[in-house]
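Contents: one structure, followed by commentary.
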Amino acid sequence: MNLAKSKEALTKLQDYYVLAIKAPFGIFRKPFYLRETIEQMDYGGSGSFFIVFLVSLFIGMALSLQTSAELAEMGLKMYTGRVVGLSIIKEIGPVAIALSYAGRVGSGMASELGSMTLGHQVDILRVHGVSPIKKLVSPRVISSIIMLPVLTVVGDAVALLGGYFVSISVAHQSGSVYWSQIKQIMEFVTIFSGVIKPFIFGYLISTISCYMGLSTKGGARGLRKSTTEAVVYSTIMIIISDFMVTKILIMIFGIPV
Amino acid sequence: MIEFKNVMLSYGDHVVLDRVCFRCAFHEKIAVLGGSGGGKTTILKLMLGLVKPDSGQILVDDQDITVMSESELRDVRMKFSIVFQEGALFDSMNVKENVAFSLREFTKSTEEEIDKRVRDLLKILKIEDAIDLMPEELSGGMQRRVAIARSLAACEPRMMLYDEATTGLDPLTADNICNLVNELSRGEPPGRVGFIIVTHKVTDAAKVAERYIFIRNGNIIFDGNIEELKKTKDTLLRKFINELYISHGSA
Ligand SMILES: Nc1ncnc2c1ncn2[C@@H]1O[C@H](COP(=O)(O)OP(=O)(O)OP(=O)(O)O)[C@@H](O)[C@H]1O
Ligand SMILES: [Mg+2]
């Protein structure tokens with residue numbers, strides 16, 4: 001019984017790897033599903049701007065409020081910009097936006113592909129000789145690894161603006177000090193780690209969600225399960241891979257001073 | 001020629017097919033009957049290589065399709081057309097795009113050629129007016145028709161597979177679909193385009209099929225023509241065929 005369970009788990013993991021490795025190569029081999037990819041970028045990317053805007057704005061404001069109060073205690077209020085900027089760009093921005101993306105877009109991918117699987121639409125694709133991975137998964141993966149970094153850059157900017165408004169209006173700091181602090185931390189490493197993370201998160205969210213969708217079975221209940229698991233596993237993988245990427249980046253570049 | 005040799009399939013502990021053996025020709029008119037969850041859909045999927053058996057062989061024209069890769073299966077799948085339960089239309093596309101799907105995917109047809117082919121097919125199936133509608137705007141019977149049109153668009157199948165083509169339809173519409181199934185299978189054997197229709201309604205099967213296969217608990221419990229079926233002593237089978245007498249009696 002236990003053996004059968006672990007065998008099944010291994011088969012699943014193997015199926016996931018196959019999908020996760022094949023999907024990005026969709027760009028290199030014909031046919032190209034450009035129209036599908038653009039549609040995904042529009043739905044997943046442009047459609048997510050509003051939630052990303054709201055999430056980032058409030059995170060930036062809350063963070064600025066918190067740190068400026070804390071730093072003021074120690075007489076270090078002028079460092080607010082630096083602390084807010086570093087945490088937003090390197091950590092909180094990528095993670096918070098990826099989590100929102102998993103909730104909004106990942107769950108959508110899983111439920112859409114799930115109901116296509118249950119309704120035999122995926123079988124129809126295969127019968128017609130169309131690879132579901134190329135037609136359904138690749139556009140979603142490619143769209144996610146492009147759009148999530150874009151969303152993150154926009155979100156970071158919004159969060160920094162939110163932080164700025166709070167620091168001048170609530171914490172009564174000079175705006176030019178805030179921006180000069182931010183300017184100082186804009187080094188290659190900061191920007192690199194701020195962009196590489198959403199790239200990896202986008203890949204994880206889309207491959208996990210598509211895999212969950214395509215392996216759906218068992219009616220409405222099965223659909224609920226795969227949608228939930230898509231978000232749960234994406235969340236876990238975002239958090240774990242965030243830690244590992246941070247660790248690797250520190251190993252490569254050292255801690256920037 | 002299609003042949004199942006000792007085909008076994010199970011999901012976890014649940015045995016769906018237990019050493020199933022049968023053989024049929026492309027021109028035959030077959031009805032596969034059985035209760036819900038009996039493995040009828042699974043048999044069609046196995047035939048197309050959409051599901052792989054745990055053991056056993058499935059031969060199509062003497063080639064074992066259970067060991068083929070997805071790209072090798074392409075040629076095998078071209079020999080069939082399939083209409084799934086509930087139609088399985090792409091719900092993000094309208095009727096025209098659904099029917100044109102395989103034309104766009106495979107052929108280099110121009111927009112006019114595609115348009116003409118789609119209209120011709122819809123005319124044969126008597127649903128020309130639905131061309132611009134979305135799947136959710138269609139009735140169940142129309143969805144089946146569009147699905148049939150789509151399955152015929154790009155290939156010249158030698159055998160058509162229908163999964164529950166008449167389930168959930170009112171008797172009149174079901175009758176129409178049965179007539180359609182018959183019409184699409186004109187010609188004389190061995191050149192005739194045959195079909196396998198999966199259903200749990202013996203009355204519908206009796207309108208179209210020449211050979212009946214019953215499945216129960218993963219086994220084939222009956223395989224023969226209508227005369228043999230009427231003589232059967234099996235209690236479950238009798239329950240199924242009694243329906244036949246009732247409807248004949250009232251008609
Ligand atoms: N992917 C799957 N995973 C687990 N079990 C499955 C899967 N596909 C089918 N089954 C099981 O296999 C059995 C046969 O399924 P199948 O769809 O072939 O039945 P059916 O005869 O077509 O029934 P129905 O009349 O309800 O369409 C069912 O009990 C079903 O629960
Ligand atoms: Mg079925």
Side-chain angles (χ1 to χ4, degrees), chain A residues 1-9 11-12 14-15 18-19 22 29-36 38-40 42-43 108-109 111-137 139-140 213-220 222-223, chain B residues 10-14 37 41-42 44-52 69-93 97-108 135-136 143 146-147 150-155 157 160-161 163-164:
Chain A
M1 187 64 206
N2 259 338
L3 195 70
K5 272 235 173 86
S6 36
K7 193 177 151 213
E8 197 190 318
T11 330
K12 276 189 184 167
Q14 188 189 1
D15 289 348
V18 171
L19 174 146
K22 271 192 186 167
R29 296 239 316 268
K30 272 188 166 183
F32 310 113
Y33 292 103
L34 192 64
R35 207 166 54 101
E36 278 81 357
I38 291 173
E39 202 221 305
Q40 287 304 319
D42 181 46
Y43 178 79
M109 288 178 185
S111 64
E112 186 180 9
L113 297 196
S115 79
M116 287 183 77
T117 305
L118 294 177
H120 295 296
Q121 294 176 38
V122 175
D123 287 327
I124 290 286
L125 288 178
R126 290 172 63 199
V127 170
H128 286 95
V130 177
S131 153
I133 295 203
K134 291 208 62 175
K135 169 110 183 165
L136 300 174
V137 181
R140 286 169 172 76
L214 291 179
S215 57
T216 303
K217 56 191 169 199
L223 196 56
Chain B
S10 48
Y11 291 108
D13 304 334
H14 176 67
T41 305
T42 308
L44 298 186
K45 285 185 162 191
L46 282 164
M47 222 173 261
L48 294 170
L50 292 168
V51 177
K52 302 258 177 207
S69 69
E70 199 76 356
S71 52
E72 290 167 327
L73 280 167
R74 254 178 107 128
D75 293 333
V76 175
R77 290 171 180 164
M78 294 292 269
K79 294 174 184 165
F80 298 95
S81 74
I82 183 156
V83 177
F84 276 108
Q85 226 157 333
E86 317 289 323
L89 299 177
F90 299 116
D91 40 30
S92 57
M93 303 177 185
E97 289 306 308
N98 261 290
V99 178
F101 175 76
S102 54
L103 295 172
R104 288 201 201 287
E105 210 66 54
F106 289 133
T107 59
K108 294 221 163 20
E136 75 254 21
Q143 287 189 1
V146 175
R150 178 179 64 185
S151 75
L152 292 171
C155 65
M160 316 212 10
L161 310 176
D163 190 6
E164 315 261 2

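The sequence lines fix the lettering, A, B, ..., with proteins before strands; numbering per chain opens at 1.
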Relative to chain A, which segment of [X] carries a heavy atom at a distance below 4.5 Å: side chain, backbone, both, or neither?
X       : answer
B/Thr41 : side chain
B/Glu86 : neither
B/Leu73 : neither
B/Leu50 : both

Within this structure, what is the [atom1]-[atom2] distance for the pair [X] and [Y], rounded to the nearest 0.5 Å?
X        : Y        : atom1 : atom2 : answer
B/Phe90  : A/Leu125 : CZ    : CG    : 4.0 Å
B/Ser92  : A/Met116 : OG    : CE    : 6.5 Å
A/Ile124 : B/Ile82  : CD1   : CD1   : 6.5 Å

Taking all heavy atoms of B/Ala88 and all of A/Gly119, pick out the closest pair and write down the distance.
-> CB-O, 3.0 Å
Answer with side chain, backbone, both or neither: which region of A/Lys217 has an atom nearer than 4.5 Å to a non-hydrogen atom of chain B?
-> neither
Which answer fits A/Val127, side chain, backbone, both or neither, if we ask what part of it has an atom under 4.5 Å from a heavy atom of chain B?
-> both
Does NZ in B/Lys52 sit with more than 12 non-hydrogen atoms of other residues, nucleotides or ligands closer than 6.0 Å?
-> yes
Heavy atoms from other residues, nucleotides or ligands near NZ of A/Lys22 exceed 12 (cutoff 6.0 Å) = no
Just by modelled atom types, is the A/Arg126 backbone N or O under 3.5 Å from a matching donor or acceptor in the B/Arg77 side chain?
-> yes
What class does the angle between the rings of A/His128 and B/Phe101 fall in, given that below 30° is parallel, 30 to 60° is tilted and above 60° is perpendicular?
-> perpendicular
